[in-house]
Amino acid sequence: MDKIPLGVSQCLLGDPVRYDGGHKRNRYLTDVLGRYVEFLPVCPEMAIGLGVPRKPIRLIVTDGQDRIRGIENPDLDVTEALALEAEAAAKRMPDICGYVFMQNSPSCGVFGLKRYTAAGNSIDSRGQGAYAKRFSELMPLVPLEEAGRLTDAGLRENFITRVFTLHDWRKNLEQNPTPKKLIEFYSRYKYQVMAHHVPSYFSIGKFLANLTAKPIEDINQEFIRLLMAALSRPASRKGNTNALMHLRGYLKAHITSLEKAELGNLIESYSKGMVPLIVPLTLLKHHLMTLDNPYLKNQTFWSPHPEELGLRNIVLEF
């Protein structure tokens, strides 16, 4: 398998680029996910010439604007420099399929970054790092996550699902879309989308019902936007159970009443949070793979990411 290009905050790989000369190596990234991705590391603060070690900076609200300024030297303002580095990074890595940022960083924080007054008083936790904010504006399709949030099983699986989905699209559909290829591509994702967001399952199907209204290149771009938006909603136990039940419907005339009861009990146990998804999924897949049905066999719902990652071996909290 080709390794997937993934942007990453450089300190997460163990490089000593933090303001204090340290690092924040994330072993899940380096030792587990690293088997499947090619990391493209960036330390934006180093890239704009702040050096190591360096005086700390933080997000300060001045005249209603978010600015990244020095704590000890408030005259130091690197907001524009970090935004420009994001523009340069986006040009260097146009094909990345995801980005993992360092949390709580005034340059790389994506979610819930603390904002301060000029006097140093905390205002709220609604900020974004200047580099991450500009990068997200330039690369709206690319899934973004913080390393600290990857400890959450649901968020981890959702992020990696989207990374592999975008990679699939880039490999098979981005460059040479045709109506046939577009329909075949989405047919593989239907139950995956159903598990994440039922309204999107119907709206994407309706959108693809007319592939002559616009140039196919425009339709393809709108399609991937809709698909990534649908998958950005984490699949809950309720959503996965719904997909399992729909797939079970294909077995009505093909398994015994005892087998139906066994499968039904496992799906119910999963829906109640008693067993992980892999348990009913394995039995359902076993039965469905005996059918001569390529549509079912090719569903990404079975394995939206490598099974070796074990992302479906954990009981979700919701």
Side-chain angles (χ1 to χ4, degrees), residues 1-8 33 36-38 40 86-87 89-101 110 132-145 154-235 239-240 243 295 298-306 309 311:
M1 184 189 72
D2 296 335
K3 284 200 169 186
I4 301 175
L6 197 76
V8 66
L33 195 57
Y36 305 95
V37 306
E38 176 190 359
L40 303 176
E87 294 175 9
K91 290 179 181 178
R92 290 196 304 269
M93 50 179 102
D95 298 325
I96 64 167
C97 299
Y99 205 126
V100 181
F101 290 92
V110 182
K133 182 176 185 295
R134 183 60 180 145
F135 195 94
S136 67
E137 294 168 349
L138 294 167
M139 306 283 275
L141 282 181
V142 175
L144 310 180
E145 193 50 271
L155 293 176
R156 183 169 63 246
E157 201 221 347
N158 181 255
F159 172 70
I160 294 174
T161 293
R162 289 181 288 142
V163 167
F164 276 85
T165 298
L166 185 56
H167 180 60
D168 189 6
W169 179 80
R170 289 204 192 283
K171 280 181 56 181
N172 296 299
L173 203 56
E174 182 177 24
Q175 296 302 320
N176 298 296
T178 66
K180 181 175 183 291
K181 287 167 64 177
L182 189 54
I183 293 298
E184 289 177 347
F185 185 92
Y186 181 58
S187 71
R188 295 191 288 112
Y189 279 88
K190 282 190 173 181
Y191 285 98
Q192 186 69 30
V193 172
M194 178 184 287
H196 284 253
H197 191 230
V198 171
S200 292
Y201 171 84
F202 291 110
S203 63
I204 295 176
K206 184 177 180 180
F207 172 74
L208 293 178
N210 184 359
L211 296 178
T212 60
K214 300 178 182 178
I216 192 62
E217 292 80 9
D218 295 344
I219 293 175
N220 188 34
Q221 289 296 323
E222 178 64 11
F223 162 73
I224 190 57
R225 187 191 68 78
L226 292 172
L227 179 60
M228 296 304 291
L231 297 182
S232 70
R233 300 169 179 265
N240 283 327
Y295 170 70
N298 291 328
Q299 288 301 308
T300 61
F301 182 66
W302 305 124
S303 301
H305 34 64
L309 287 171
L311 296 173

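Sequence positions, counted from 1, serve as the residue numbers for this chain.
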Distance check, rounded to the nearest 0.5 Å: [X] atom [atom1] versus [Y] atom [atom2]?
X      : Y      : atom1 : atom2 : value
Phe185 : Asn172 : CZ    : CG    : 6.5 Å
Phe202 : Met194 : CZ    : CE    : 6.5 Å
His167 : Leu6   : NE2   : CG    : 11.5 Å
Leu166 : Ile96  : CG    : CD1   : 9.0 Å
Ile219 : Leu211 : CD1   : CG    : 5.0 Å
Lys3   : Cys97  : NZ    : SG    : 14.5 Å

Atom of [X], atom of [Y] and distance for their closest heavy-atom approach:
X      : Y      : result
Arg156 : Leu311 : NE-CD2, 3.7 Å
Met93  : Gly7   : SD-CA, 4.3 Å
Asn240 : Ala235 : OD1-CB, 3.7 Å
Pro304 : Phe164 : O-CB, 3.4 Å
Leu40  : Pro5   : CD1-CB, 4.2 Å
Pro177 : Ile216 : O-CG2, 3.8 Å

Quick one, [X] and [Y] - any side-chain contact, counting heavy atoms below 4.5 Å?
X      : Y      : result
Met228 : Trp169 : no
Val37  : Val8   : no
Lys133 : Glu137 : yes
Thr161 : Gln192 : yes

Quick check: does any side chain N or O of [X] sit under 3.5 Å from a backbone N or O of [Y], one acting as donor and the other as acceptor?
X      : Y      : value
Asn158 : Leu231 : yes
His197 : Ala230 : no
Glu87  : Phe135 : no
Gln299 : Tyr295 : yes

Exercise for review: Just do the side chain to side chain donor-acceptor pair (under 3.5 Å) check on Thr178 and Asn176 with the steps written out, would you?
Suggested key: CA-CA 7 Å; Thr178 66; Asn176 298 296; over 6 Å; no
Check your understanding: With sequence neighbours left out, what residues match Lys190 under side chain to side chain donor-acceptor pair (under 3.5 Å)?
Key ->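 By the side chain to side chain donor-acceptor pair (under 3.5 Å) rule, Lys190 matches no residue at all.
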Practice item. Please name all residues satisfying side chain to side chain donor-acceptor pair (under 3.5 Å) with Tyr191, sequence neighbours left out, ordered by chain then number. Key: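 Expected list: Tyr250.
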Point to revise | Passing option when His305 is tested against Leu33, Ile160, Thr300 for side chain to side chain contact (heavy atoms under 4.5 Å, CB included) | key: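 For His305, the side chain to side chain contact (heavy atoms under 4.5 Å, CB included) check succeeds only for Ile160.
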Check your understanding: Pick one: which of Val100, Ile4, Asp168 meets side chain to side chain contact (heavy atoms under 4.5 Å, CB included) with Val163?
Key ->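 Answer to the side chain to side chain contact (heavy atoms under 4.5 Å, CB included) test with Val163 among Val100, Ile4, Asp168: Ile4.
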Practice item. Please say whether more than 12 non-hydrogen atoms of neighbouring residues, nucleotides or ligands are located less than 6.0 Å from NZ in Lys214. Key: no
Check your understanding: Ion pair present between Arg188 and Glu184, side-chain N to carboxylate O less than 4.0 angstrom?
Key ->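 Salt bridge: no.
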